[in-house]
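Remarks on the structure that follows.
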Number of protein chains: 2
Amino acid sequence: MSPEDQHRVETIVLFKDVPMPAVRSLAQACATQVLAANATVFRTGEQPSLLHLILAGRIALIGEGAGDAAVIEAFGEGEALLTPAVMLDRPYLLTARTLIETRVAAIPAETFRAVLDREPALARAVINQLARHWRVLIRQIKDLKLRAGAQRLASYLLAQDRSCGGSIYLPMERRLLAGRLGMSPEHLSRAFVQLRPHGVASQGRSVTIVDDEALRHFCDFDALI
Amino acid sequence: MSPEDQHRVETIVLFKDVPMPAVRSLAQACATQVLAANATVFRTGEQPSLLHLILAGRIALIGEGAGDAAVIEAFGEGEALLTPAVMLDRPYLLTARTLIETRVAAIPAETFRAVLDREPALARAVINQLARHWRVLIRQIKDLKLRAGAQRLASYLLAQDRSCGGSIYLPMERRLLAGRLGMSPEHLSRAFVQLRPHGVASQGRSVTIVDDEALRHFCDFDALI
DNA sequence: GCGCGCACTTGATATTTATCATTTCCAGCG
DNA sequence: CGCTGGAAATGATAAATATCAAGTGCGCGC
């Protein structure tokens, strides 16, 4: 592994509070790789032998079933992929696919579990990441069960980061976003139309929330934490 | 706390591999309580000051939003409630309500986090429980996005434990089960009718799967892991 | 510049699911 | 024994969403 890659692994947010020697031993066990867009990292049903860390880029976790498929969630820099499968040594429930060119580090599952068992700080970091992800999933389930399509889109948009320029660049194709939001691509298209009078302007993958307040009100953003 | 309760806490599955002294110190910090059915343990939005462990009984985690509510998941003996909120010290995203009379132990969040940081075995146990729960949620999201109502019911029934007598006793009222499965109570009722020709006999809360194979085929049980 | 392919949109229609109103069932109780 | 109240089932209807079939826009390579 190149020194740059080693440095990238060592400075990953997940390892922030982990003692340097442990981080270094993890980094040395890593293999890094740059994947093109739309590359498959692993598939549903496979046994996890590696823990994947995203060093840069974006990866979607996709649920697959009888002919159909839907994005469950997409993760970016600093996130570990499907720690649950790796920790329990059970087959993946999801397929991972890159959304854009992505740099990943892969640590042998055995190594990771071993370091985890003797490094409380790493264990705590994993717990915190799992806990954050858990809450992301809970919000999604609440959304799916309690809100209609257009409201889900609205609250998704409100939750997106728009620190730069106030405009959102959708992290995936609309077709995939439809899956993430639990609706058909056609319905997503109509949902965008529905949101127009509520302060959302969109063209292509860039979306602007014109009237934040109106949109929050439309989807009861605050009622559903 | 009574010696029996202390013993109950000490022998909880979650603590199986945790050294006795640590378990004992946790147990001593516990307060135990027996709650009647339909009692609220905590509410959405509250700050978690305690970690709740289920010693016996059953508790539903309920998502609440604008007038509506839906069971996300129900947990039984040996499970910790919403460790993510406790670990991150963030407000609960869900409300917890007992489904039947339930005995819970409550450990101050601070104490739990402190013991966790110096007991790798406890950290590992929490990771494993979080990982299992994560996978439960993933399955639910896949179900919601990829299957229709009746199929969700079918796969839910197939996943239930029927070790005793081959018959299932639904762990909650049908109204709540409808929420768990992401549909209206009326629709659940019709879904049961729909499953009748596929080998499901039900009366009240007891359900019998007459023809396992037919039901598996109906909902593509194996296609969706 | 001009097709070409591909993602997205739009329209028409079918299906699924929710809602509301009513009825049935059944446990608990005087 | 019949009454009563809540849960569940059923029926009728409405709303949400999916599906299928064009159409539109647009980047890209020739």
Side-chain angles (χ1 to χ4, degrees), chain A residues 37-38 60 65-71 97 99-100 143-157 168-198 200-207 218-220, chain B residues 37-38 60 63 65-71 97 99-100 143-157 168-197 200-207 218-220:
Chain A
N38 294 314
D68 216 359
V71 173
R97 201 185 325 275
L99 291 172
I100 50 177
D143 254 27
L144 287 168
K145 288 185 175 175
L146 299 171
R147 282 211 262 234
Q151 293 177 306
R152 291 202 294 275
L153 171 58
S155 90
Y156 176 86
L157 292 175
I168 299 161
Y169 183 76
L170 297 178
M172 58 190 110
E173 298 173 18
R174 290 197 174 201
R175 189 174 43 85
L176 294 177
L177 179 59
R180 161 64 181 79
L181 295 173
M183 62 182 92
S184 66
E186 294 93 331
H187 195 77
L188 174 63
S189 189
R190 290 180 238 262
F192 267 109
V193 174
Q194 226 181 311
L195 254 43
R196 223 135 53 189
H198 296 281
V200 175
S202 72
Q203 74 164 27
R205 277 167 69 166
S206 98
V207 178
F218 170 75
C219 72
D220 257 320
Chain B
N38 295 313
D68 215 359
V71 172
R97 201 186 325 273
L99 291 172
I100 51 177
D143 254 27
L144 287 168
K145 288 184 177 176
L146 300 171
R147 282 211 262 235
Q151 294 177 306
R152 292 203 293 275
L153 172 58
S155 91
Y156 177 86
L157 293 175
I168 299 160
Y169 184 77
L170 297 179
M172 56 188 110
E173 298 173 19
R174 291 199 173 199
R175 191 173 44 83
L176 293 178
L177 179 59
R180 161 64 182 77
L181 295 172
M183 62 182 94
S184 66
E186 294 94 331
H187 195 77
L188 174 63
S189 187
R190 290 180 237 262
F192 266 110
V193 175
Q194 228 181 309
L195 290 188
R196 222 134 53 187
V200 175
S202 72
Q203 74 163 26
R205 276 169 70 166
S206 97
V207 179
F218 170 75
C219 72
D220 258 318

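To find a chain, count down the sequence lines: A is the first, B the second, and so on, and within it residues start at 1.
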### Message
Once rounded to the nearest 0.5 Å, what's the spacing between atom OG of A/Ser206 and atom CG of A/Leu170?
### Response
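With rounding to 0.5 Å, OG (A/Ser206) is 8.0 Å from CG (A/Leu170).
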Using whole Å, what does the distance between atom [atom2] of nucleotide [N] and atom [atom1] of [X] come to?
{"X": "B/Met183", "N": "D/dT17", "atom1": "CE", "atom2": "P", "result": "16 Å"}
{"X": "A/Leu177", "N": "C/dT9", "atom1": "CG", "atom2": "C1'", "result": "15 Å"}
{"X": "A/Gln203", "N": "D/dG27", "atom1": "CD", "atom2": "P", "result": "10 Å"}
{"X": "B/Arg175", "N": "C/dA18", "atom1": "CZ", "atom2": "P", "result": "16 Å"}
{"X": "B/Gln194", "N": "C/dT15", "atom1": "CD", "atom2": "C1'", "result": "12 Å"}
{"X": "B/Glu173", "N": "D/dA7", "atom1": "CD", "atom2": "C1'", "result": "8 Å"}
{"X": "B/Arg205", "N": "D/dA8", "atom1": "CZ", "atom2": "P", "result": "8 Å"}
{"X": "A/His187", "N": "C/dT17", "atom1": "NE2", "atom2": "P", "result": "14 Å"}

### Task
Scan A/Glu186 against the nucleic acid and name what it touches under 4.0 Å (heavy atoms): base, sugar-phosphate only, or nothing.
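Base: the residue A/Glu186, judged by heavy atoms under 4.0 Å, touches a nucleobase.
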### Message
For a quick check of understanding: with a heavy-atom distance under 4.0 Å over all strands, which category does A/Gly149 fall into, base, sugar-phosphate or nothing?
### Response
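Here A/Gly149 touches the backbone only, sparing every base.
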### Query
Would you say A/Arg174 reaches C/dT9's phosphate, i.e. side-chain N/O to OP1/OP2 under 4.0 Å?
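Yes.
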### Query
Taking the side chain from A/Arg174 and the backbone from A/Gly204, do they hold a donor-acceptor pair closer than 3.5 Å?
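It does hold such a pair.
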### Donor-acceptor under 3.5 Å (A/Arg147 side chain, A/Cys219 main chain)
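Checked: pair present.
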### Donor-acceptor pair present, B/Arg152 side chain and C/dT16 base, under 3.5 Å
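Side chain to base: no pair present.
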### Query
Any donor-acceptor pair under 3.5 Å between the side chain of A/Arg190 and the base of C/dG11?
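When only heavy-atom distances are counted, A/Arg190 does reach the base of C/dG11 through a donor-acceptor pair under 3.5 Å.
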### Message
Could you report the tightest heavy-atom contact between A/Ser155 and A/Asp143, atom names first, then the distance?
### Response
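Closest pair (atom of A/Ser155, atom of A/Asp143, distance): OG-OD2, 3.2 Å.
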